[in-house]
Amino acid sequence: MTNKFYVTTPIYYVNDKPHIGSTYTTVAADALARAHRLRGVPTLFLTGTDENSQKNVEAAQKAKAADLQTYLDDMAAIWQKTWKTLGISFDDFIRTTEERHLKAVKRFWRAVEKSSDIYKDSYERMYCVGCEEFKTQFEVKDGHCPLHPNKELQLVKEENYFFKASAYKDELLKLYHTHPEFVQPVSRMNEVRGYVKDAFEDFSISREAQKLSCGIPVPGDDSQRIYVWFDALINYMSAVGYGTDDKLFNKWWPASLHLVGKDIIKFHCALWPAMIMSAAKSDPLLQNENGTPKLPERIFAHGFFTIDGQKISKSLGNAIDPLDLAKEYPFDAIRYFLLREIPFGEDGDFSKTRLADRYNSDLGNTLGNLLNRAISMSRKYFDNKVPSCELQDTRIGLEGTSWAGSEGMDTLWQEVDQYIDAARLDLALETIWNGENCSLISANKYVEETRPFKLAKDNLEQTGIVLYTLLEACRQYAWMLEPIMPNIAEEIIRQLGQDPKKERKQGIKVLKTWGGLKPGSELPEPKILFPKLV
RNA sequence: CGCGGGGUAGAGCAGUUGGCAGCUCGCCAGGCCCAUAACCUGGAGGUCGUCGGUUCAAGUCCGACCCCCGCAACCA
């Protein structure tokens with residue numbers, strides 16, 4: 001099993017502030033990071049900003065910034081602050097203008113150079129500013145890039161450094177073959193495989209410095225600047241000490257999971273591993289014990305979503321600022337919606353109507369109401385306390401009900417954990433709500449079947465068993481949901497009269513064990529967890 | 001032949017290895033009264049885009065076609 005979890009988001013361009021799309025990626029990474037921390041796995045969650053792009057220069061000019069660096073500093077601060085405000089639990093925030101990154105890039109470049117995979121060549125090629133990449137003669141249509149037809153292609157004739165990416169074609173294909181989990185979901189793997197097979201060529205990895213107002217200088221050649229993608233990918237290493245702290249690097253690298261949008265899979269799934277394969281030939285730090293390159297373990301590409309059926313677009317004015325949205329809805333509910341509504345890896349649609357729908361129904365009616373009725377009855381029939389429950393074995397519950405007992409709860413945990421390992425948080429949530437074993441739905445059914453409100457009149461002992469079962473189930477749901485709704489989870493624990501921090505310290509094994517809720521402990525008056533939205 | 005996603009109940013979507021069509025919301029009827037007008041049960045509502053093929057068996061596999069959407073201006 002893995003003894004650590006190192007998860008990354010892409011580094012975001014700072015030519016704009018965060019919107020709902022980048023929030024989606026970041027929230028998913030956050031939830032996965034929290035899930036692993038809860039399990040006690042040492043976790044590093046990295047996000048950051050990509051600051052060496054020509055796009056940022058243009059944005060700085062547009063914003064009339066005093067100078068580029070000031071603009072970059074301001075924007076990086078905005079990104080960082082947004083994530084902090086939203087409670088994103090990132091452990092590190094990398095900026096590609098930081099010293100540690102420059103050092104990492106330098107070392108990496110030197111390694112690739114030493115592997116004889118960098119060569120200089122003079123080419124006259126079409127460069128698309130929109131894509132930030134060169135187009136082959138096959139890609140150009142009517143003298144324009146098919147992706148950016150209204151942008152003039154730049155005819156670039158200059159001496160550039162090239163990365164011999166094509167030399168790694170076979171090794172990449174072999175990687176995809178032996179590690180089918182390297183790129184997920186499968187549809188993306190197929191896409192990448194096709195790309196490498198048919199269209200993977202050497203990359204131009206530098207440009208003339210005089211034509212650029214940004215970028216990292218090529219080591220040993222000040223007249224050239226490193227192409228933004230070549231430096232950007234290295235951020236995943238520079239943040240964990242590549243070029244600055246070997247020990248730290250060995251602790252965290254390789255990354256367990258790169259979370260990316262579907263638009264940048266070619267860079268992450270083909271160029272990036274090829275770069276590492278090359279550098280590893282000359283840099284022992286990048287090699288496994290058997291000499292093979294230390295590649296990231298997994299890359300998961302999520303889909304994009306539309307807003308009310310329309311694409312996200314500033315000119316249409318439907319771009320959503322997560323901070324604004326968080327004023328309308330509790331951020332935990334937004335997290336729940338994003339991670340539940342859209343099958344992870346697929347495209348989806350974001351709409352406030354659906355958000356309100358899920359908030360009222362899933363969160364309010366099913367989860368919130370269950371907690372509320374369980375606590376209310378316990379308080380009413382058991383003197384404001386958690387009822388005692390004599391049954392300590394796994395047969396807690398009554399015969400012939402929908403409730404699968406503590407064994408069912410164990411099964412639920414297993415199912416949820418499996419989905420988390422597969423990064424399918426949507427399925428994890430669906431299972432908690434609708435699954436076969438001890439789901440929230442079946443807990444509500446269990447109430448109807450056992451009728452504790454009736455049972456209390458003639459069999460207090462059985463009533464206690466039922467209510468204890470419900471309360472303890474709620475305690476466990478809270479921890480199951482903690483990665484997705486950290487604040488709500490703690491609130492549930494508090495409403496159950498427990499201290500979330502103390503509970504957390506006990507470790508996942510104890511948290512999962514049936515009976516964590518101490519009979520006889522005080523139950524405070526419940527507060528509505530999810531007040532209805534109109 | 002630019003790349004990609006999709007067409008399943010009124011709406012929004014699941015359907016892994018082909019084996020009796022599911023979920024949420026909404027609607028109708030009933031139950032319950034602990035609870036956030038919440039909860040539970042039952043019901044109506046589908047020729048799974050079209051045509052053809054493989055198969056004992058196809059929403060699922062293969063082929064052809066039709067339609068919608070995203071990338072092309074910001075944009076994960």
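Excluded from the calculations below are hydrogen atoms, water molecules and symmetry mates; all remaining heavy atoms, backbone and side chain alike, are included. To find a chain, count down the sequence lines: A is the first, B the second, and so on, and within it residues start at 1.
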Can you tell me which nucleotide in [options] comes closest to the side chain of [X]?
{"X": "Arg373(A)", "options": "rA76(B), rA35(B), rU24(B)", "result": "rA35(B)"}
{"X": "Glu346(A)", "options": "rG5(B), rC34(B), rU24(B)", "result": "rG5(B)"}
{"X": "Lys380(A)", "options": "rC3(B), rC32(B), rC34(B)", "result": "rC34(B)"}
{"X": "Arg354(A)", "options": "rU36(B), rC34(B), rU24(B)", "result": "rU24(B)"}
{"X": "Glu191(A)", "options": "rG31(B), rC25(B), rC3(B)", "result": "rC3(B)"}
{"X": "Phe304(A)", "options": "rC3(B), rC34(B), rA76(B)", "result": "rA76(B)"}

Euclidean distance for [atom1], [N] against [M] (whole angstrom):
{"N": "rG46(B)", "M": "rA14(B)", "atom1": "C1'", "answer": "15 Å"}
{"N": "rC69(B)", "M": "rC13(B)", "atom1": "P", "answer": "14 Å"}
{"N": "rG49(B)", "M": "rG12(B)", "atom1": "P", "answer": "14 Å"}
{"N": "rG53(B)", "M": "rG10(B)", "atom1": "P", "answer": "29 Å"}
{"N": "rC48(B)", "M": "rG7(B)", "atom1": "C1'", "answer": "10 Å"}
{"N": "rG5(B)", "M": "rA37(B)", "atom1": "C1'", "answer": "40 Å"}
{"N": "rA58(B)", "M": "rC20(B)", "atom1": "C1'", "answer": "14 Å"}
{"N": "rC61(B)", "M": "rG6(B)", "atom1": "P", "answer": "12 Å"}

Side-chain N or O of [X] versus OP1/OP2 of [N]: is the shortest distance under 4.0 Å?
{"X": "Asn365(A)", "N": "rC39(B)", "result": "yes"}
{"X": "Lys454(A)", "N": "rC33(B)", "result": "yes"}
{"X": "Thr306(A)", "N": "rG70(B)", "result": "no"}

*Mark yes or no for a side-chain to base donor-acceptor pair under 3.5 Å between Asn369(A) and rA35(B), with no hydrogen or angle criteria applied.*
yes

Looking for any heavy atom pair under 4.0 Å, which part of the strands does [X] touch: base, sugar-phosphate only, or nothing?
{"X": "Arg188(A)", "answer": "sugar-phosphate"}
{"X": "Arg358(A)", "answer": "nothing"}
{"X": "Pro10(A)", "answer": "nothing"}
{"X": "Leu529(A)", "answer": "base"}
{"X": "Phe530(A)", "answer": "base"}

Pairing partner (Watson-Crick or G-U wobble, both distances under 3.5 angstrom) of [N]:
{"N": "rU54(B)", "value": "none"}
{"N": "rU36(B)", "value": "none"}
{"N": "rA14(B)", "value": "none"}
{"N": "rG2(B)", "value": "rC71(B)"}
{"N": "rG46(B)", "value": "none"}
{"N": "rU41(B)", "value": "rA29(B)"}

*Please determine which of Phe350(A), Tyr359(A), Tyr329(A) meets the ring-ring contact (aromatic ring centres under 6.0 Å, His included) test together with Phe337(A).*
Phe350(A)

*Does any N or O in the side chain of Asn459(A) come within less than 3.5 Å of the main-chain N or O of Glu461(A), such that one atom is a donor and the other an acceptor?*
yes

*Figure out the CD1/C1' separation between Ile441(A) and rC25(B), and round it to whole Å.*
12 Å

*To the nearest Å, give me how far apart CG (Asp50(A)) and C1' (rA76(B)) are.*
13 Å

*asked:* On the six-membered ring of Phe200(A), is Lys169(A) placed so that its NZ or CZ lies under 6.0 angstrom from the centre and within 45° of the ring axis?
replied: no

*With nearest nucleotides of RNA chain B determined for Trp79(A) and Glu341(A) from heavy-atom distances, which residue corresponds to the more 5′ nucleotide?*
Glu341(A)

*Does Lys445(A) or Ser187(A) map to a spot on RNA chain B nearer the 5' end, using the closest nucleotide for each?*
Ser187(A)

*Evaluate the side-chain proximity of Asp357(A) to Thr353(A): yes if any heavy-atom separation is below 4.5 Å, no if none is.*
no

*Under 6.0 Å between ring centres, would you say that holds for Tyr236(A) and His268(A)?*
yes

*asked:* Take a 6.0 Å sphere around CD of Glu181(A) and say whether it holds more than 12 heavy atoms from other residues, nucleotides or ligands.
replied: yes

*Yes or no on side chain to side chain contact (heavy atoms under 4.5 Å, CB included) for Leu339(A) and Asp426(A), after CA distance, side-chain angles and deciding distance?*
CA-CA 5 Å; Leu339(A) 299 175; Asp426(A) 55 314; over 6 Å; no

